4 protein chains.
Amino acid sequence: MYVRRVRAIGVGMLGYAFMGKAHANAYRKLAYMTWPPPLLPRLVSISGRSAEAVAEAAQRYGFESHSTDWRETVADPRVELFDNGGPNNQHAAPTIAAAEAGKHVLCEKPLGRDAAEAYAIWRSVALAGVIHMCAFNYRFVPAVRLAREMLEAGELGEIRHFRARYLQDWLTDPETPWSWRLDRAAAGAGALGDLGSHVVDLARYLVGEPASVMGTTRTFVSEREGGLVDVDDAFEAVVEFDSGAVGTLEGSRVAAGRRNALCWEVNGSRGSIAFEAERMNELQVYVEGSRPSARAQGFRTVLVSEADHPFLEHWWPPGHIIGWGDTFVHEIHHLLAAIAAGREVGPHGAGFEDGYRAAEVCDAISRSGASGAREPIAYRSL
Amino acid sequence: MYVRRVRAIGVGMLGYAFMGKAHANAYRKLAYMTWPPPLLPRLVSISGRSAEAVAEAAQRYGFESHSTDWRETVADPRVELFDNGGPNNQHAAPTIAAAEAGKHVLCEKPLGRDAAEAYAIWRSVALAGVIHMCAFNYRFVPAVRLAREMLEAGELGEIRHFRARYLQDWLTDPETPWSWRLDRAAAGAGALGDLGSHVVDLARYLVGEPASVMGTTRTFVSEREGGLVDVDDAFEAVVEFDSGAVGTLEGSRVAAGRRNALCWEVNGSRGSIAFEAERMNELQVYVEGSRPSARAQGFRTVLVSEADHPFLEHWWPPGHIIGWGDTFVHEIHHLLAAIAAGREVGPHGAGFEDGYRAAEVCDAISRSGASGAREPIAYRSL
Amino acid sequence: MYVRRVRAIGVGMLGYAFMGKAHANAYRKLAYMTWPPPLLPRLVSISGRSAEAVAEAAQRYGFESHSTDWRETVADPRVELFDNGGPNNQHAAPTIAAAEAGKHVLCEKPLGRDAAEAYAIWRSVALAGVIHMCAFNYRFVPAVRLAREMLEAGELGEIRHFRARYLQDWLTDPETPWSWRLDRAAAGAGALGDLGSHVVDLARYLVGEPASVMGTTRTFVSEREGGLVDVDDAFEAVVEFDSGAVGTLEGSRVAAGRRNALCWEVNGSRGSIAFEAERMNELQVYVEGSRPSARAQGFRTVLVSEADHPFLEHWWPPGHIIGWGDTFVHEIHHLLAAIAAGREVGPHGAGFEDGYRAAEVCDAISRSGASGAREPIAYRSL
Amino acid sequence: MYVRRVRAIGVGMLGYAFMGKAHANAYRKLAYMTWPPPLLPRLVSISGRSAEAVAEAAQRYGFESHSTDWRETVADPRVELFDNGGPNNQHAAPTIAAAEAGKHVLCEKPLGRDAAEAYAIWRSVALAGVIHMCAFNYRFVPAVRLAREMLEAGELGEIRHFRARYLQDWLTDPETPWSWRLDRAAAGAGALGDLGSHVVDLARYLVGEPASVMGTTRTFVSEREGGLVDVDDAFEAVVEFDSGAVGTLEGSRVAAGRRNALCWEVNGSRGSIAFEAERMNELQVYVEGSRPSARAQGFRTVLVSEADHPFLEHWWPPGHIIGWGDTFVHEIHHLLAAIAAGREVGPHGAGFEDGYRAAEVCDAISRSGASGAREPIAYRSL
């Protein structure tokens, strides 16, 4: 009888909330959905603050053990990959410790609370010599990958514009209470760090390096039940790329009616592509000169669900859409393939240098808001 | 100095309400918008029931004279083209009289209140030897004409399906009062005559002759303030075409939220086209195998506003949309060009035979509702 | 330490292809995604034709054993629930055998190859006294359930129209080769059984019982590489409901560019709802009279992803969409909850009587195509 | 017999190209479409460069006389209203001369080639004491006016964001030849003056005065067949309003596939509104808390075509859309009503102060591109 032998990899995780659930689902699902998987995840240990909650999470997701101290998870010799889905102020220390203990690391975005912290994480982890990945999951939306492949193949010509906005509305109502995401010490920034980091990462992934930004940030409600708000509710920026392309970057948590509206558009000298995350299985594509039907030009609504579209060899017949949670299956599959092959996650995965660079751009937008000046982007190297 | 000489044509009109306004606007507008016009409309005489209203309409639209008796308009020697926008039970007698007096005729749809009346009109007018046109204005939407041209060129391959529905909602509320459109003696039929005739005409224009229909009609509210309702509120039908294509035809005046939703879709062996009148400047076009971007297949949203799109050489730069009223400019321009050239209005304009044939199909749907049987379509010839 | 105790249920499955994958994914995923699950699926045994394929499927999805004989799976005393995802001609015997062995049963749609077979399955299984469910998964799309809840609450008033079409295009190209789905002996019917059963089930779930149908079917390509096609490629029907509502039902496998386009619309006396499966996280809702913004009426694009929307308490924050595969998580969760509670799956789940009734309507459409007459629907009882 | 007496107003026009056609159509059409018109336009005189073209335009549109010298038109004692649709460098002198001759004036946008010129025009014309209007026609789109009315009524709460972009693509192809619009001396600016002035005017009309901008401009193709390009192809800006709202302003002539895509969105503390000019009859409206259907929240697609929507009392039944050209009918109707009443055109019409203020904001974006700094906006008064 035929049996595929797949090597296992021990996974330790920090965090059992939103991101913990998304990542745990991906480890379990990729094991049979992307078949055969590059490595078979073995859920070894999960850690988190609340003893009761972490115990239940362990049972729910099938972790073999659990702890209220991430150091135990990091130290566990069965753990080969450490997955950090904790709050932003829990990114640096556990991730660095894990890498220094020789574990590969996956860390949620934003990598650090600012560029300095992100750089420190990148540096320590890179020096430790492990594989590292920053969880910019929108790179693993099939439509986004397809766009990248079309851009790389030159199908849009020379790129002139990129405009992106990530709009949410959960802070629209002033009665919405305070939480750690509104605290600079815990979160680093507001919409700029949380939504802006995604927008900047997509700008870099699709168009290239920003040369400068000009922008501003706003806090519309500065006190909420439970605390003062010292991060931004929204940011607005103009971006100039090294390539000469120009555009805008925006993010807001007070855009009424926009629940998770990450939208971007690229205009090139031969075509354009547009995307909206609330219809994440679709890509709007305009390419000039297509035959037949020379007079019937216009944006095509491409339902990115074909077997020859990125990632979709793993899924369903055409037209049967996938969900947001499934992007993490692709993301962690990509990471495990890199670990199995002993190579970095780039260019399609975001390594920690990408996590650091996104933070540099976000910091520059913040600086520009204060200085009122165009802020050039300069990246540090190791 | 250069001056174009354009021959004038005297126009007499019956009706000053909705359709009177639409047609009068078209005569005035085509005189400078489609330049040089094939003939220059001279608005000679308008007739209608109310003396005060017809006098004001004459002043408003610039008719030289007016009357409460259509016979005066028909008899006026200055009138060369008689335009009948009166209610359905005023289509036969004035139109036939005008033709027999040697006037060219344009008559609103439905041509008659049933196939027998439509046939009688067609027969009399054809024997009189004048140019005749039935005002199926949706044929003159640029997107519809473009679709027809693509179909004629074979760009969609062999046609397999046509599905069309024309949904309105002005009778949704049972409190909406009675009017002549709900009276069989005046209107002939309800949704089936008013909306169904458009749907059937588009089916014939785009796909070809129906071979049979099966269907049903419904009157949901049979009494309204002011009278009994003895016409249908809605109809539903399956259609089989001579070509082998099959599909559905529907119309309703009780489709809540659908204000003027005339939608159709054609599926062929090589592509598909879809249209919605509420976005009448757009055509959804799917054609297989287009290059470049082989993986980026999908329906294109074609904004039908290019200089090389039908009728748009008369209008604005690309992307500047036209309105519903403008379709009448194209329609009457087409009629005047036919008159100037001394030829029939087909195949792009609907002659009275087309008006009669639409009525045959509508009658067959009505018969099928009563008989519970598939009703074959047979057309009479002159 | 807190540990939830969840009773396990042994699952045996027939089929490892498209539906096997969809169901296996659901069993594994609901175990942690719908927490705590009503019963914890234990994947005991899987059966299928190819020894090698079934062995790999067992390893991939985590079944404890596998067999090329479904009788072994049925006979396995650890199996408490038998899940039949085999081809249509493998629905009757295994499902009946499992029920008679006292196993609860889940069977893919269509339940039988025609109404007679579906009735026989229903009757045998009901007499066996087990819980039974027919896998009409579109009932478990959050947007569909929300629509049903709005309809039940009377938010749309009296229902007047239902129109639905399920369009695919995988047979558009005559070069597409023959497969079992094109063989009457194996499949029972073509688009009518495969797509039509979904359309009919949604009609019944949302609007109520059909009283009669009139329709036709078509086979556009009657021979393909590998065999003769003796099932329909497409069907078209008019439907009249017991309630007085009327509408259309359509399905096609040759609608170019429509990959998995299940679309339906309901019009009531106070509002309308529309749905498209390719954007299955959205519902278009028109309800009259909403305040504020009395003048801003129109269809709302409801992104059905809120915590208080059906099923979404299990998933992600608002705006983060789910996929087609996730509907099976809801479906099987519903079934397990019914089994745990010892109750039937209706009204939200489709029991085998629903599977049988869908077949009666599909058969009536087929009969109407042959007879050319309106065919009344009569249901048998046990 | 009843006859309405409407006072006539003599109109003189400069320019017979794109804008001349749009304005001439409006004068002729409003005379019967907005009935009774506030004043009855009498087309007295048209002037333009080419003797042959202006003669033909006079015949086509029905002007009584024509000239190659605008001074003749201005001096004509029959002319009471001077309508300037000439190129940008023909705005100042003729408009000022007409006002000083006591004629009311309508001038196309941008008012001047820069803020200084626009200020000079405003000042001279205001001192002359005539009625003046700058032709920002998008204010007269029914959907835009409806949005303004909702904003004024406070239906969206406190405004936090405004983002607008006006994208065209006619310069995408480097082979597109040079024209006067690419010459700074003739046009003043490129996308910034042509498209940016519209975007800024809408920002001011809908949200209020900008306090500062930061931005950049780009010329992607600096030489074209026929000349050097010394204006921008595109601009990008961040805007901060006096009210505290923030957002982005963009314009481009190189956005492939975007033919005339003027799009904007407003987010307030209680709702949001979005608009796209290519679907100019629609408004996307999100307002929280609407009943019934509390769970069915989302953006509504409002088809702005109801009798109680702005301007639509003049047009067709609901659902029958109007075109881009029809916005000029509303615009000139508004102007004639102001002249008839002897009042300024504000707040709904743009007076020359609005034309000047738009130029100040555009100039500030241009300055910011050069300075790399946030540029505050300061307006001069008379």
Side-chain angles (χ1 to χ4, degrees), chain A residues 1-6 18 21-22 24-25 28-29 31-37 43 51-62 66 167-170 257-262 277-282 300-301 303 305-306 314-327 329, chain C residues 1-6 18 21-22 24-25 28-29 31-37 43 51-62 66 167-170 257-262 277-282 300-301 303 305-306 314-327 329:
Chain A
M1 195 192 82
Y2 179 81
V3 177
R4 289 178 190 266
R5 292 170 201 284
V6 180
F18 179 24
K21 183 179 182 182
N25 174 52
R28 296 199 52 156
K29 201 162 163 175
Y32 57 84
M33 196 55 84
T34 67
W35 184 257
L43 301 184
E52 186 176 337
V54 78
E56 183 163 7
Q59 185 193 7
R60 176 174 182 175
Y61 299 117
H66 54 86
L167 306 180
Q168 297 184 340
D169 68 353
W170 58 284
R258 301 298 182 194
R259 303 300 270 150
N260 194 47
L262 169 59
E278 292 178 348
R279 290 177 174 169
M280 61 164 248
N281 292 272
E282 298 178 14
R300 298 176 204 180
T301 302
L303 192 57
S305 65
E306 303 293 320
H314 302 311
W315 297 93
W316 317 111
H320 296 74
I321 69 172
I322 65 165
W324 174 86
D326 299 326
T327 61
V329 174
Chain C
M1 194 192 84
Y2 179 81
V3 177
R4 289 179 189 264
R5 293 169 200 284
V6 180
F18 179 22
K21 184 180 182 181
N25 173 51
R28 296 199 51 155
K29 200 162 164 174
Y32 58 83
M33 195 55 84
T34 68
W35 183 256
L43 301 183
E52 187 176 336
V54 77
E56 184 163 4
Q59 185 193 6
R60 176 174 182 174
Y61 300 118
H66 53 86
L167 306 179
Q168 297 184 341
D169 68 353
W170 58 284
R258 302 297 182 195
R259 301 302 269 150
N260 194 46
L262 169 58
E278 292 178 348
R279 290 177 174 168
M280 61 165 247
N281 292 272
E282 298 179 13
R300 297 175 206 181
T301 302
L303 191 57
S305 65
E306 302 293 320
H314 302 310
W315 297 94
W316 318 110
H320 296 74
I321 68 172
I322 65 166
W324 173 85
D326 299 326
T327 62
V329 174

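Predicted model only: the values in this text are computed from it and were never measured. Below, chain A is the first sequence line, B the second, and so on; all start at residue 1.
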Examine whether an atom of [X] lies under 4.5 Å from a heavy atom of chain A, and if so say whether it belongs to the side chain, the backbone or both; otherwise answer neither.
| X | value |
| --- | --- |
| W315(C) | backbone |
| T301(C) | side chain |
| A22(C) | both |

[Y] side chain reached by [X] side chain, heavy atoms, under 4.5 Å:
| X | Y | value |
| --- | --- | --- |
| K21(C) | M33(A) | yes |
| R259(A) | E306(C) | yes |
| R279(C) | E282(A) | yes |

NE2 on H320(C) to CD on E278(A), rounded to 0.5 Å: 9.5 Å
K29(A) side, atom NZ; Y32(C) side, atom OH - distance, nearest 0.5 Å: 6.5 Å
Residue among A31(C), P317(C), P37(C) with most heavy-atom pairs under 4.5 Å to chain A: P317(C)
Heavy-atom pair count under 4.5 Å with chain A, highest-scoring of I322(C), N25(C), L303(C), D326(C):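 That would be N25(C).
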Parallel, tilted or perpendicular: ring planes of W316(A) versus F18(C), cut at 30 and 60 degrees: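 Correct class here is tilted.
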